[in-house]
Structure formats: structure tokens, C-alpha cells
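Report on the following structure.
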Amino acid sequence: VARRGRLSSTDARIRASRFSRAEAPGDHDELRVLAREQSALRRVATLIAREASPSEVFALVAREVAGCLDLPMISVVRYESDGTATQVGAWGRQNPYPVGLTWAMTGTGVASLVADTGQPARVEDYAEVPGDIAATLAREAGIRSGVGVPIAVGGRLWGVMMAMAADATALPGDTEGRLASFTELVATAIANTQARDDLHRLVAEQSALRRVATLVAGGAPPKEVFDLVCRETGSLIGASTVNLAHFTPDGVNVTMAGWSTGGIHLAAGTRLPLDELSINALVQRTSAPGRVDTYEGMPGEIAERLRLNGVRSEVGAPVIVAGHVWGALIAGTDDVQPLPPVTERRVASFAELTGTAISNAADRAELVESRARIVAAGDEARRRLARDLHDGAQQRLVSVILNLRLAAQRREGDPPAAADLVDAALEQAQAGLAELRDLAAGVHPSILTDRGLRAAVGSLADRCHVPVAVTAPESRYPPTVEAAAYFIAAEALTNIDKHAEASRAELRVREVRNSLVIDVNDDGRGGAAFTGTGLIGIKDRVEALGGGLVMDSRPGRGTHLHATLPLPAVS
Ligand SMILES: Nc1ncnc2c1ncn2[C@@H]1O[C@H](COP(=O)(O)OP(=O)(O)O)[C@@H](O)[C@H]1O
Ligand SMILES: [Mg+2]
């Protein structure tokens, strides 16, 4: 019924075969044909260079090919991804296929043969072709035979250029070869348009991302960023709905923001179970972008809601915050055709910005909280100081004054009583002085100022009830660093005494590159947490100086504190 032709794909081979034909026309005719073909190709090329629309190019190609090759009917046909073919360019009064006609390639017509083999194909007699619409239309239009040559774009079969005629002799044996020189031009036109579209899409993508990034960098509230992300993602990728989901530790999917063309997206705050098969759960499981091509027949509440809203397929990407999947940005479509393969990458870019916005906001909130704690701790320390001064030294001084006044009154009349009162005043004055010293040492230990960190932490270790191995450098550091290191050691050793039930401990201070590093380890019961004011207090202090504090305290494994304090650069 049909015979597959061979394609000679380069002009040289096409011409060589044409010139070598036994019944070749005279040199003159041959040159005229060649010149005609060249100028037709030039006209098509000019149109392509002017960035004409694909449909204009297809129409001109069909006409030029028909004119050049003396063929009555030419069709340019595009293969669709769903197994159908669409007529995109046509020439010939009797051409039975209008531009825009789409048919299922179920038979063995020219388009189907080329689609199956990727090679040129020929149908000698359409009367013998059963099946598809195209063949039926051809027969009805009185077409006997047809020839098709594949159009390949970027190495992939894009479509077919077909020539048809009422009798087989109108399509000589070299028709395949001569069509081929035009299909290459058509392929160039298509590739050009695709490149242009890609560029436009890239520019659109970049500016959408820039708008979101600008908002993130400006420290906008997360909610504002979430709304913009959903809107920009949706319009960029042509989704019908976009939503940002947050996954809670107990497996709930919380909608944080949404956008849709038909107002069908889930409202912010909607809580649904994180169903196993949804894109949400898939993204959470894999921490990677992914897709669900159909929710048809899928169990669970999420799938049910999506079906109700007409969402057929979805693409999602993880929003990662501090190394964990915080949630997912998900785009859906109500189209039968799932979103194209580039969608994953695009959704992922927006998801990444969303993650940055969330962690920025969390960092800011944490900073505000720790500042508030430092201020509160300072206030509290001053209140305690005032109270201690009032209850202690101040009371002693009041007593001293009282006793001295009484002594002055009795100096003449009752000298022994006066002497007793002076003795009592002296005792009280001494006690007051001792209390003032202690108080001052608590605010800032004088040993630290006078003798440095090594001596100061050494004396802390001596007072600890658990044996502590101390190593510390002899060097002096800026007062704020020495004070911070001292209070870390003091809090850690007090905790070891109070909570650890340890048999021994280690306190190590070292200079590592441009930092002072303090390690305090014990072999006690572990299980320490940032629950009291002590550990949080030193963490705040360390962080306020631009350093960090980490703790490892698994039950039964002892407690290990590791603090890093940056040292100011020596100028
Ligand atoms: N070295 C340690 N070993 C075991 N538990 C500890 C240790 N240090 C602290 N903890 C636990 O962590 C909690 C928080 O410590 P901290 O913030 O210093 O508060 P506080 O000492 O005032 O209770 C303590 O209450 C204690 O239960
Ligand atoms: Mg404590």
C-alpha cells in the first residue's frame, strides 16, 4: 500500500541525485529550476528573519513549495503530544485539510507513517488506506497519492511536510528530496520562534523573581511575600491555582496563602491531613520538586478538594527552612495537559525565595526576642542590686549611723556605754564593707580584672564540688570577651554542681583563629535544655557579641557546651 522513501537530507545530495537522473532535462531547464528554488528559499528565509509568526511562515512555505516543485497541494502538519496531528499550513485549491484541522493518527496515511518511522513516506493509492480522517478526506477530495517528509526541530520529530496529487505520476521519485530542502527551512523558522519565546519567558521569569526578591530583601512581613509568590508563580507558569502549604510536625497541611484564576484556591488557614499520595506529601518525603499528573480516583481529602475545584494535575517544590522541609509551593492546572516539564524548576525558584523570606523573618524575630531578654536581664540585675544594697550594706550603714549618734549622746554621761556602741558600729561597718565587696564581685569579679581569665576561671573551678580539669591561655583579652567567657564558665560550673550529678568535668579555653573558644564538658546525666534563665542568658550574651553557643546534652551522655566568642581584629 505504502512505500517508505529514502531521504537525502543535504542540498548537495538532493541536487546530485536530480542531475544524475537518466531523463534529466537540459542544463538550461535544470538551472532555471535551481534558480526558482533558490529565490523561493530566499523569500522564506527573509520572512523568517523578519520574525514573522509561524503561521505566516507555514503559509508561505506551502505556497512556495507548490510553486517551485509544480505540485498541486502542499500541507505543513504538526504532531501533537497526544497522538493527533494538526494542519498548520496549506496550499492548493483542492487541499482537503483546512488550517487548524486536527485528526487522530490511527490509520496508515502519510502523516501517520512519518510519525511512526521518522522517515519520508509515500502513499501510492489512498483508496487502499483504511482508517483515519485524513485519508478519508483525501479520498473524498479525489486525491490518489501523497508524499511526506519529516520536519525535525532540535533533534526531535516536530511534524511533516506533505505533497498530494490526484495521480501518482504528479509526484516523481525525487519529490522527497526536493521537499527536504524546504523542511530544513521550516525547522529553522520553528526553532527561531521557540528561541524567541524561550527568551521572553526567561525575561518574564527573571523579573517576577526580582519582584519577589526585592520584597524579601526589604524585610516585608511573610504573609505579604507569600501572597506575591503565589500570584507571580501562577501568572508566570500559566497555572490555574497556586498554594503555599506549611507542614506541621504532626502531619497537618496548613494553607498559608493561595491564588487562582477562578477564585477556587483553599483559603489561608485551611488545615487538612497530609495525605500519602498528594503532591504535598511527595514533596515532603523527597525534599525535591515533583508532580502528580492526575488526582483521578486518588483517596484522601486533599485529592477530593482538588477534584471538586477542577484541578487535574499539580507540580510542587519544597520550601526549605534551616535544613528542613517547612512546606511546599504547589501549582495546579485544570487543563487536561499537565504543566510542562520546566515548571518544576520555576516553582522551585520561587519556593527557594519563600524559604529565605521565612528564615529571615525568624532570624529577625529571634533577634528582637534576645534583645528584649538582654534588656530584661539587665533591668532584673539592677533591681536585684538595688534590693541587695538596700537589705544589706544600706541597712548596716543606717545601724552604724544610729549607733554612732547614740554614742555621741552618751559620750559625756555614760562613757562605757558609748564605747560599746562605737564597737558595735565598727562591727557593722566591717560587715557592710564585706557585703559590698561580695556584691561588687558578683557584678564584676575583681580577680578577672586584676589577674585575667585563667586565674578567674581557675578560682571558679576550685569552688566547684566536682573536680574540674582546667586549661586556659595566660593571655589577656578585651574586657567584654573576658567577662563573657567568665560568665559562661561560672554558669556551666554552677549547673554542673546543681544538676549534673557528674564525677568530673573539664573546662577548656582556647584561641582558635580569630575566636576564643570555651568548652565545658561533664560526665553527668545530661538532659540539659534551654529552659531556665541561666543557659539562655549566656546564649544571649554570646550571640550579642557575634558568637555562638551549642550544647549537646543527650540523657546519660553528659553535657557538652561549646561557645565561640569572636575576637576583635587587632589593628
Ligand atoms: N550540666 C548539666 N547536667 C544536667 N542537667 C543540666 C545541666 N545544666 C543544666 N541542666 C538542666 O537544664 C536546665 C536549665 O539550666 P539553666 O538554664 O542553667 O537553668 P537553672 O540552672 O536556673 O535551672 C536546668 O534546670 C537543668 O535541669
Ligand atoms: Mg543554671
Side-chain angles (χ1 to χ4, degrees), residues 249 322 362-363 365-388 391-392 438-445 447-448 453-454 456-472 480-510 516-565:
D363 287 351
E366 210 165 276
L367 191 65
V368 168
E369 276 166 28
S370 85
R371 275 186 188 152
R373 279 196 305 266
I374 289 171
V375 171
D379 288 349
E380 175 54 30
R382 273 192 295 279
R383 261 198 303 278
R384 204 170 47 233
L385 195 60
R387 201 169 51 234
D388 289 352
D391 296 351
D438 284 353
L439 220 53
V443 176
H444 189 88
I447 185 172
L448 187 60
L453 193 54
R454 179 154 140 170
V457 296
S459 86
L460 285 174
D462 289 344
R463 267 182 272 151
C464 194
H465 295 96
V466 174
V468 186
V470 181
T471 46
T480 46
V481 174
E482 285 189 339
Y486 176 84
F487 284 110
I488 292 165
E491 179 60 37
L493 294 179
T494 309
N495 279 351
I496 290 173
D497 256 350
K498 268 206 303 196
H499 311 296
E501 297 161 18
S503 65
R504 52 210 177 84
E506 179 196 23
L507 168 61
R508 196 147 59 105
V509 183
R510 323 166 263 154
L516 197 63
V517 175
I518 301 110
D519 285 289
V520 189
N521 304 313
D522 68 58
D523 62 353
R525 62 184 175 86
F530 291 93
T531 48
T533 49
L535 289 171
I536 291 179
I538 58 172
K539 191 172 194 318
D540 286 346
R541 193 172 186 136
V542 168
E543 286 173 358
L545 294 176
L549 176 78
V550 285
M551 180 168 69
D552 180 6
S553 183
R554 282 162 287 179
R557 307 282 286 272
T559 298
H560 310 273
L561 270 180
H562 178 81
T564 310
L565 295 167

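Numbering of ligands and ligand atoms starts at 1, following listing order. It should be emphasised that the depicted structure is a prediction, and the values quoted were computed from it without experimental measurement. The figures here come from the full heavy-atom set of this structure, side chains too, leaving out hydrogens, waters and symmetry mates.
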Closest contact, heavy atoms only, [X] versus [Y]:
X: Leu507; Y: Leu493; result: CD2-CD1, 4.3 Å
X: Met551; Y: Ala528; result: CE-O, 3.5 Å
X: Val457; Y: Ala489; result: CG1-CB, 3.9 Å
X: Tyr486; Y: Leu448; result: CB-CD2, 3.8 Å

Test item: Asp523 side-chain N/O and Ser503 main-chain N/O as donor-acceptor pair under 3.5 Å: yes
Metal site the Mg ion (ligand 2), protein N/O/S atoms found under 2.8 Å: 2
Neighbour list for ligand 1 [protein residues, heavy atom under 4.0 Å]: Glu491, Asn495, Lys498, His499, Ala500, Asp522, Gly526, Ala528, Ala529, Thr531, Gly532, Thr533, Gly534, Leu535, Thr559
Those residues that, when tested against Ile536, pass side chain to side chain contact (heavy atoms under 4.5 Å, CB included) (two or more places apart): Arg373, Phe530, Asp540
Residues which pass salt bridge (Lys or Arg N to Asp or Glu O under 4.0 Å) with Arg510, listed by chain and number, not counting sequence neighbours: Asp519
Approximate separation, where rounding is to 0.5 Å, of Leu516 CG and Leu453 CG: 6.5 Å
Carboxylate-amine/guanidinium proximity below 4.0 Å for Arg508 and Glu506: yes
